[in-house]
Asker: 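Here it is, the structure in full.
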Protein chains: 2
Amino acid sequence: MGISKSDHFNERQIEVATFAKALSHPARVAILEYLQKVDSCICGDIVNELPLAQPTISQHLKELKLAGIIKGSIEGNTICYCINKDNWAKFQVLVGNICCPPKSDSKTCC
Amino acid sequence: MGISKSDHFNERQIEVATFAKALSHPARVAILEYLQKVDSCICGDIVNELPLAQPTISQHLKELKLAGIIKGSIEGNTICYCINKDNWAKFQVLVGNICCPPKSDSKTCC
DNA sequence: TTGTAATATCGAAATATTGCGATAAATAAA
DNA sequence: TTTATTTATCGCAATATTTCGATATTACAA
């Protein structure tokens, strides 16, 4: 809820959470899969692919973009959206670092 | 063809979104990092580590457990929570499969 | 038995997210 | 110019999340 809990968590934790939040809706996962599949990037295509209205897709794209997972560039009167591969790789590294990094001594507790 | 408008989101998309949602709060990321760091699993420890009340931690643990990211087993009057490494690995694979799997012909559009 | 410690659950308030119709803005095409 | 196309934004209702005090539950200890 509430107050600026940003103060209580470190940057890495907030970054992971921000990426994850962008991924936390099936529509946004579907958008990413679609961008990866077609390897090109027109919003209109996505609107035709997903069972959601155009403003809703636009909103999801905005959130993905804000989180740095995709990027868009204007191409005439369409916008070329595509996956930000650098940030995607970064997210994968962050996730991999949480668990299970190469462990020096793994005592298994569970 | 990809996702058609009449389909709802598929299981893989929902699974990714569910995992990601569990990761989408800094407190839950912090909990996971802590579980990984100490490699043992007592809720009380976590309450002392994070700037959140005990019911709040308990709620976050519940969500992580529900998503399959951690598992807990009763040990006397404490509960041993730890990362579900199998599911964590599964999540990493799912994320890796979205982007960027080895592509035979990668025309870069962005 | 009674008391203490560890977790979970309930309830409620504050806040955030989701979805979409209506509409705006920008460019393209005619 | 006018009209169509593409995408973004506004506004609002419905729903979900987050937080924590109060309380319940469970197990151990004395």
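Proteins come first, then strands; the chains are lettered A, B, ... in the order of their sequence lines, and each starts at number 1.
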Asker: Could you state the atom-to-atom distance from CG of B:Leu61 to P of C:dA6 in whole Å?
Answerer: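 Computing the B:Leu61:CG to C:dA6:P distance gives 15 Å.
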Asker: Nearest-Å distance, NE2 (A:His8) to C1' (D:dT18)?
Answerer: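 It is 15 Å, rounded to the nearest whole Å.
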Asker: Would you kindly give the CG-to-C1' distance between B:Leu50 and D:dC20, to the nearest whole Å?
Answerer: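 From B:Leu50 CG to D:dC20 C1': 15 Å.
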Asker: Applying side chain to side chain contact (heavy atoms under 4.5 Å, CB included) between B:Ile70 and each of B:Asn87, B:Leu61, B:Asn84, report the one that passes.
Answerer: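 It is B:Leu61; the other options fail the test.
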Asker: Compare side-chain N and O positions of A:His60 against OP1 and OP2 of C:dG19 and report whether any pair is under 4.0 Å apart.
Answerer: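 Yes.
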Asker: So that I can tick it off, tell me whether B:Glu63 and B:Lys21 are bridged by a salt bridge, with the cut-off set at under 4.0 angstrom between side-chain N and carboxylate O.
Answerer: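 Not counted as a salt bridge, because no side-chain N and carboxylate O are separated by less than 4.0 Å.
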Asker: Give the rounded distance in Å between these two atoms: CG of B:Asn77 and C1' of D:dA24.
Answerer: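 Nearest whole value for this atom pair: 16 Å.
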Asker: Quick one: on DNA chain C, does A:Ile74 or A:Glu63 contact a more 5' nucleotide (nearest heavy atom)?
Answerer: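 The residue closer to the strand's 5' end, by nearest nucleotide, is A:Glu63.
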Asker: Rounded to the Å, how far apart are A:His25 NE2 and D:dA16 P?
Answerer: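 So the NE2-P distance, A:His25 to D:dA16, works out to 11 Å.
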Asker: Please report the interatomic distance CG(B:Leu23) to OG1(A:Thr18), rounded to the nearest 0.5 Å.
Answerer: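 The CG atom of B:Leu23 sits 11.5 Å away from the OG1 atom of A:Thr18.
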Asker: When you check the phosphate oxygens OP1 and OP2 of D:dT6, does a side-chain N or O of A:Thr78 lie under 4.0 Å from one of them?
Answerer: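 False: A:Thr78 side-chain N/O out of range (4.0 Å or more) of D:dT6 OP1/OP2.
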Asker: Any luck finding a side-chain donor-acceptor pair between A:Gln13 and B:Glu33 under 3.5 Å?
Answerer: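 A:Gln13 vs B:Glu33: donor-acceptor pair found between side chains.
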Asker: Taking CG from B:Leu52 and C1' from D:dT18, how many angstroms apart are they, rounded to a whole number?
Answerer: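 In whole Å, D:dT18 C1' and B:Leu52 CG are 10 Å from each other.
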Asker: Return the value, rounded to whole Å, for the distance between atom CG of B:Leu66 and atom P of D:dT17.
Answerer: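 For the pair B:Leu66 CG and D:dT17 P, the rounded distance is 11 Å.
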Asker: For B:Ile57 and D:dG21, what is the distance between atoms CD1 and C1' respectively, to the nearest whole Å?
Answerer: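 After rounding, the gap between these two atoms is 15 Å.
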Asker: Taking the minimum atom-to-atom distance to the side chain of A:Pro55, which one of C:dA8, C:dT18, C:dA22 wins?
Answerer: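 Of the candidates, C:dA22 comes closest.
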Asker: Here's a test of your reading of the structure: between A:Arg28 and B:Thr56, which maps to the more 5' nucleotide of DNA chain C?
Answerer: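 It is B:Thr56, whose closest nucleotide lies nearer the 5' terminus.
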Asker: If you take all heavy atoms of B:Arg12 and B:Leu94, which pair is closest and at what distance?
Answerer: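 That would be CG-CD2, 3.7 Å.
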Asker: Does C:dA8 have OP1 or OP2 under 4.0 Å away from a side-chain N or O of B:Tyr81?
Answerer: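 Answer yes for this pair, as a side-chain N or O of B:Tyr81 is under 4.0 Å from OP1 or OP2.
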Asker: Is any side-chain nitrogen or oxygen of B:Ser58 closer than 4.0 Å to OP1 or OP2 of C:dT7?
Answerer: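 No, because none of the side-chain N or O atoms of B:Ser58 sits under 4.0 Å from OP1 or OP2 of C:dT7.
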Asker: Over all strands shown, is A:Lys65 touching base, sugar-phosphate only, or nothing at heavy-atom distances under 4.0 angstrom?
Answerer: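 Since no nucleic acid heavy atom lies under 4.0 Å of A:Lys65, the category is nothing.
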Asker: Looking only at side-chain N and O atoms, does A:Lys21 come under 4.0 Å of OP1 or OP2 in C:dT17?
Answerer: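 Answer is yes, contact under 4.0 Å.
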Asker: Distance criterion of 3.5 Å, no angle test: do you see the side chain of B:Gln59 paired donor-to-acceptor with the base of C:dA8?
Answerer: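 Per atom types, no contact qualifies.
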